[in-house]
Amino acid sequence: MSLQDRMSVNILQKLNDLKKDLPNETVSEKDVFSDEEDEQIRQELLKQAEQEEENGGIDDDFFTSLSGPSQEEGNEKLVEIEYLGRIGYVDISFENLDDDVDEKDYRIMLDALELMAYSNDVSKRKNASKEVEKFGEKAITVIFRECRKFDLSDENRKQELMHLLSRLTARSLKGRKIIKAVLEKANSNQHIALAILGAGAIREREAVNSILQHMKNPDFFVIGLNAIFSIRDKNSVEPLIAVINDLDVNRNDLIDQAIQLAPRFAYFGPEAVKSVFNAYLNGEKKPLRPIFTIALRSFKEDAIPVLTEVLEKETDDNRLIPICMTLGGLKMPFSTNLLREAFHKYPGKKRAILRGFSHTNDSTLIPLIVEELKSSSDLRIKGECLGAIPYLADPDMNLIPTIKPFLNEKRNKLYLDALNCLVRLGDQESFEKYIHLLINGEDEEQYILQKHLATMSFKLIVKMAEKMLHCPDEKAMLLITALQRSNLLPQEVGPILKKKLDQNPIPALKIEIYRLIGKHVNKRREILSQDILYQASKDETNPRIVRELDQIIKNMRKEQGRISTIRNVD
């Protein structure tokens with residue numbers, strides 16, 4: 001047993017406190033400055049600001065060159081901003097070249113930027129970027145002037161442009177003021193997007209509030225989230241959570257992206273644990289919950305003291321269960337041992353703790369769970385035991401004799417929990433009985449077993465799907481309904497559905513199959529291409545099926561349009 005496994009929560013907390021006094025571990029994140037580099041850059045910028053003040057700030061020629069309030073695609077020409085506590089003026093119309101850029105220099109930069117925007121030759125784009133960089137900060141205005149040439153949905157070109165801009169603006173007062181001015185005052189989406197990308201790359205803390213405001217626009221949510229995580233301003237945690245909580249639950253594309261980025265919440269440090277935990281516990285929008293689940297787990301041992309404190313004080317099962325699931329989901333020996341100790345210490349919380357056990361992947365818990373299954377008189381706890389065992393045990397024939405007697409327990413439909421457990425442990429007889437009840441059982445039995453299907457391994461789900469090829473269409477309907485309950489299906493299910501469609505089943509079954517296909521279209525793991533639905537809309541003659549297909553495709557198109565802008569097609 002490791003030292004961490006034996007230590008108490010109080011000792012762990014003290015060690016975590018001591019960690020704060022140690023030199024920070026360098027987190028390797030490409031093109032993002034460390035805190036030390038940030039401070040050095042800040043001092044350079046302050047010197048530039050002082051020098052600018054000594055030189056009289058903005059030249060009179062700059063003001064006299066303006067003919068009045070001018071706009072280009074919504075961007076005002078001259079805007080006032082505050083940067084480093086100093087008021088200044090920035091031209092964000094990008095109509096005019098800087099005074100020190102002549103026509104020849106501009107043409108060289110323009111040709112290079114067009115190569116970056118349009119060439120498919122990576123080496124040419126790289127050389128073009130170096131050519132622009134030679135001009136230093138005088139190229140910044142030109143980049144913003146010409147940024148509409150770039151397709152920012154192209155990940156490679158976006159990264160190349162962002163890296164160029166960040167190298168030019170990182171130590172440039174002028175460049176940082178432009179970025180902040182664009183974020184605060186511009187109306188051009190392309191300029192705003194580029195400024196958000198640039199602000200994230202140079203960790204521009206003065207841009208945080210503007211980025212958070214822009215994130216309310218779905219078009220800027222993902223790049224804004226990336227930028228906020230890169231900037232790592234601890235004061236942004238609460239407002240960032242508020243923006244996430246305001247997400248439209250129908251925007252699966254944005255939610256998926258937020259889930260992928262959620263581990264970066266750990267960049268904010270242990271001080272952010274409580275805020276993320278409260279968001280996780282109090283969130284009312286179920287589709288957003290995985291964002292905070294993953295975020296909370298990303299803190300690892302830093303999350304344990306907060307979770308343990310709440311575990312000790314909380315008595316409501318509805319709040320205890322997610323706490324225990326998170327502790328278990330950390331999959332750390334220490335957090336698992338905390339759950340084990342709490343199991344003995346708080347008898348009234350066993351049900352929630354058992355749910356936590358199921359997330360640990362720790363097979364050493366099985367004897368404890370089996371003993372509780374045998375000895376407890378609480379049917380709900382027995383049900384939790386039966387649910388937890390197959391998560392922790394690979395298909396294990398040795399456990400089957402222990403579970404089988406519970407097939408006779410009719411109270412609380414416990415026999416269905418036992419059946420699910422036996423199927424997942426690899427009992428073939430129970431698998432056949434599961435299928436039989438799923439398609440021939442009473443309504444309540446079918447409903448419970450349909451919910452259990454989502455807990456099955458992909459291998460078992462494929463076996464169940466294959467059953468629909470050899471049973472009457474009316475029975476196959478029940479299998480399809482069960483499959484619809486899962487948010488993730490093995491791709492092997494797709495060809496099975498296609499075979500069933502080729503059998504020309506009854507219209508009602510066709511509709512349910514099309515709905516199942518449509519549910520998973522344009523997800524990272526789609527089971528069949530959208531082409532199946534488009535072709536069916538041409539070939540089907542039954543008016544009811546055609547009507548349903550139109551609705552499925554309408555919803556799918558909406559989802560596809562949102563996802564296609566962020567999907568990596570390389």
Side-chain angles (χ1 to χ4, degrees), residues 5 8-9 12 273-274 276-286 288-297 299-393 403 406 409 411-414 416-418 420-421 424 448 451-452 454-455:
D5 295 345
S8 69
V9 178
L12 179 65
V273 171
K274 201 137 199 172
V276 175
F277 174 72
N278 288 335
Y280 166 72
L281 206 57
N282 300 324
E284 296 179 356
K285 296 179 178 178
K286 188 176 179 181
L288 304 182
R289 197 173 296 161
I291 300 172
F292 300 116
T293 301
I294 293 171
L296 195 54
R297 290 175 183 172
F299 292 102
K300 298 182 179 177
E301 69 267 17
D302 289 329
I304 291 175
V306 173
L307 294 170
T308 306
E309 180 185 352
V310 181
L311 174 59
E312 290 174 354
K313 296 177 180 178
E314 188 58 66
T315 57
D316 182 353
D317 258 3
N318 291 327
R319 294 170 68 86
L320 276 169
I321 286 174
I323 294 165
C324 295
M325 287 168 60
T326 304
L327 275 169
L330 293 175
K331 293 178 172 56
M332 299 171 63
F334 182 65
S335 58
T336 300
N337 284 344
L338 283 174
L339 285 174
R340 194 194 303 262
E341 291 171 10
F343 187 79
H344 297 295
K345 189 175 180 180
Y346 309 115
K349 302 179 182 182
K350 283 185 174 180
R351 181 171 170 242
I353 295 168
L354 281 163
R355 188 76 62 88
F357 284 165
S358 70
H359 287 259
T360 63
N361 286 349
D362 188 342
S363 59
T364 66
L365 292 167
I366 291 176
L368 175 63
I369 298 171
V370 169
E371 180 57 36
E372 187 65 27
L373 173 65
K374 292 177 179 178
S375 62
S376 177
S377 58
D378 188 328
L379 294 177
R380 294 187 308 164
I381 286 179
K382 287 182 181 291
E384 290 291 347
C385 292
L386 290 167
I389 288 170
Y391 280 113
L392 306 178
I403 307 301
F406 293 95
E409 179 55 80
R411 294 176 299 167
N412 271 30
K413 303 291 181 183
L414 200 66
L416 298 177
D417 294 327
N420 172 57
C421 181
R424 292 167 64 193
I448 292 171
K451 289 199 300 181
H452 277 315
T455 69

> Anything under 30° is parallel, anything over 60° is perpendicular, the rest tilted; go ahead and classify Tyr391 against His359.
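Taking His359 first and then Tyr391, their aromatic rings lie parallel (interplane angle under 30°).
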
> Does Glu309 come within less than 4.0 Å of Lys313, counting only side-chain N to carboxylate O?
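Yes.
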
> Are Leu296 and Val306 packed together at the side-chain level, in the sense that at least one heavy-atom pair is separated by less than 4.5 angstrom?
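No - every pair of side-chain heavy atoms lies 4.5 Å or more apart.
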
> May I have the step-by-step check of side-chain contact (heavy atoms from CB on, under 4.5 Å) for Glu301 and Phe334, ending in yes or no?
CA-CA 8 Å; Glu301 69 267 17; Phe334 182 65; over 6 Å; no

> Looking at side-chain heavy atoms only, is the closest gap between Leu354 and Cys385 below 4.5 Å?
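A side-chain contact under 4.5 Å exists here.
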
> Counting only N and O atoms by type, is there a donor-acceptor contact under 3.5 Å from the side chain of Asp316 to the main-chain atoms of Asn318?
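A pair under 3.5 Å: yes.
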
> Can you name the closest pair of heavy atoms from Arg297 and Met325 and give their distance?
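Taking every non-hydrogen atom into account, NH2-O, 3.5 Å.
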
> Atom NZ of residue position Lys285 - does it have more than 12 heavy atoms of other residues, nucleotides or ligands inside 6.0 Å?
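Yes, because the 6.0 Å sphere around NZ of Lys285 holds more than 12 heavy atoms from other groups.
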
> Please confirm whether the backbone N or O of Leu327 pairs with a side-chain atom of Ser335, one donor and one acceptor, at under 3.5 Å?
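Side chain of Ser335 to backbone of Leu327: a pair is present.
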
> Do Phe299 and Ile304 have side-chain heavy atoms sitting under 4.5 Å apart?
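Not in contact.
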
> Please tell me whether Asp362 and Thr364 have a donor and an acceptor in their side chains that are separated by less than 3.5 angstrom.
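Yes, Thr364 and Asp362 have a side-chain donor paired with an acceptor closer than 3.5 Å.
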
> Specify the closest pair of heavy atoms between Val276 and Ala295, including all atoms of both residues, with the distance to one decimal.
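Taking Val276 first and Ala295 second, the nearest heavy atoms are CG1-CB, 3.7 Å.
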
> So if I apply the side-chain contact (heavy atoms from CB on, under 4.5 Å) rule between Leu373 and each of Leu368, Ile381, Ile403, which one comes out positive?
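Exactly one candidate clears the test, Ile403.
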
> Mark yes or no for whether Asn420, through its side chain, and Leu416, through its backbone, hold a donor-acceptor pair below 3.5 Å.
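Flag not set: sc Asn420 to bb Leu416 has no pair under 3.5 Å.
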
> Just how far is it from atom OG1 of Thr360 to atom CG of Leu392, taken to the nearest 0.5 Å?
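With rounding to 0.5 Å, OG1 (Thr360) is 5.0 Å from CG (Leu392).
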
> Nearest 0.5 angstrom please: Ser363 OG to Ile389 CD1, how far?
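Between atom OG of Ser363 and atom CD1 of Ile389 there are 12.5 Å.
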
> Quick one: does any side-chain atom of Lys382 pair with a main-chain N or O of Ser377 as donor and acceptor, under 3.5 Å?
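Side chain of Lys382 to backbone of Ser377, a donor-acceptor pair under 3.5 Å: no, none is there.
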
> Measure across Leu307 and Ile323 and return the closest heavy-atom pair with its distance rounded to 0.1 Å.
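So the minimum-distance heavy-atom pair works out to O-CG2, 3.7 Å.
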
> Just wondering, more than 12 heavy atoms not from Lys413 lying within 6.0 Å of its NZ?
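For Lys413, atom NZ is crowded (more than 12 foreign heavy atoms under 6.0 Å).
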
> How long is the span from the CD atom in Glu384 to the CZ atom in Arg351, to the nearest 0.5 Å?
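The CD atom of Glu384 sits 5.0 Å away from the CZ atom of Arg351.
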
> Just by distance, do the side chain of Lys350 and the backbone of Glu372 share a donor-acceptor pair under 3.5 Å?
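Answer holds: no.
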
> Looking at side-chain heavy atoms only, is the closest gap between Asp417 and His452 below 4.5 Å?
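The answer is yes; the side chains approach within 4.5 Å.
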
> Show, in sequence, the C-alpha distance, side-chain angles and deciding distance for Phe343 and Phe357, and conclude whether the side-chain contact (heavy atoms from CB on, under 4.5 Å) test is met.
CA-CA 10 Å; Phe343 187 79; Phe357 284 165; 3.9 Å; yes

> Specify the closest pair of heavy atoms between Pro322 and Tyr280, including all atoms of both residues, with the distance to one decimal.
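So the minimum-distance heavy-atom pair works out to O-OH, 2.8 Å.
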
> I'd like to know if the side chain of Lys300 and the backbone of Leu330 have a donor-acceptor N/O pair within less than 3.5 Å.
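It does not hold such a pair.
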
> Tell me the closest heavy-atom pair linking Leu339 and Ile353, and the distance in Å.
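Closest approach of Leu339 to Ile353: O-CG2, 3.5 Å.
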
> With a cut-off of 6.0 Å (strictly less than), are more than 12 heavy atoms of other residues, nucleotides or ligands near NZ of Lys345?
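Not more than 12 within 6.0 Å, no.
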
> Can Tyr346 and Glu312 be said to form a side-chain contact (heavy atoms from CB on, under 4.5 Å), step by step?
CA-CA 8 Å; Tyr346 309 115; Glu312 290 174 354; 3.1 Å; yes

> Contact between Cys324 and Arg355 at the side-chain level, heavy atoms closer than 4.5 Å - yes or no?
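No - every pair of side-chain heavy atoms lies 4.5 Å or more apart.
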
> Might you point out which heavy atoms bring Arg424 and Gly387 nearest each other, and give the distance in Å?
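Looking at all heavy atoms of both residues, the shortest contact is NH1-O, 3.9 Å.
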
> Any side-chain heavy atom of Glu371 sitting closer than 4.5 Å to one from Ser375?
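With C-beta onward as the side chain, the pair touches.
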
